[in-house]
Amino acid sequence: MLFFASYCNKIDKKGRVSVPAAFRTLLLSQEFTGMIAYASLKSQCIEACGLQRHQAMNARLQAMDPFSPERDALE
């Protein structure tokens, strides 16, 4: 499952940001219903994905040469 969109949300008084309803609906169909957030490599924003996508990205990273500049950049 993969979805793309951009949202600008405010941070509430408790430091939380709401997840758009369309994303919540898709995440509910997965075993892990949360999201993993990380700093974007390309933009000044936070990116997020589900656990399955995160595991796929990690597997790709682990398959790379551990001393390559590309892997350093992604890590």
Side-chain angles (χ1 to χ4, degrees):
M1 177 187 328
L2 187 61
F3 44 84
F4 294 97
S6 294
Y7 290 91
C8 292
N9 289 346
K10 294 180 181 177
I11 299 173
D12 72 9
K13 291 180 182 182
K14 293 184 179 181
R16 302 174 298 187
V17 176
S18 65
V19 176
F23 290 4
R24 289 193 309 268
T25 301
L26 291 172
L27 289 167
L28 287 174
S29 67
Q30 296 186 35
E31 185 176 330
F32 174 71
T33 58
M35 294 176 71
I36 298 167
Y38 49 93
S40 174
L41 296 174
K42 295 183 177 185
S43 303
Q44 290 192 349
C45 67
I46 296 172
E47 296 182 357
C49 63
L51 181 61
Q52 291 172 342
R53 175 74 174 151
H54 187 281
Q55 289 171 333
M57 290 188 302
N58 189 50
R60 186 174 172 199
L61 180 68
Q62 296 303 317
M64 297 174 82
D65 177 352
F67 303 106
S68 72
E70 293 84 8
R71 182 171 171 161
D72 284 345
L74 287 174
E75 286 180 323

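All residue numbers in this chain count up from 1 along the given sequence.
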- Message: Please check this pair: side chain of Ser68 against backbone of Asp65, looking for a donor-acceptor N/O pair closer than 3.5 Å.
- Response: yes
- Item | Gln55: partners by side chain to side chain contact (heavy atoms under 4.5 Å, CB included), with sequence neighbours left out | Leu51
With a cut-off of 6.0 Å (strictly less than), are more than 12 heavy atoms of other residues, nucleotides or ligands near [atom1] of [X]?
X	atom1	answer
Leu28	CG	yes
Glu31	CD	no
Arg24	CZ	yes

- From CG (Asn9) to CZ (Arg16), nearest 0.5 Å: 13.0 Å
Taking every non-hydrogen atom, the tightest pair across [X] and [Y]:
X	Y	value
Leu27	Gly50	CD2-CA, 4.1 Å
Arg71	Met64	NH1-O, 3.2 Å
Tyr38	Cys49	CE2-SG, 3.9 Å

- Among Ile, Leu, Val, Met, Phe, Trp and Tyr joined by side-chain contacts under 4.5 Å, find the other residues sharing a cluster with Val17 and list them by chain and number. Ile11
- Task: With sequence neighbours excluded, tell me which residues meet side chain to side chain donor-acceptor pair (under 3.5 Å) with Thr25.
- Result: none
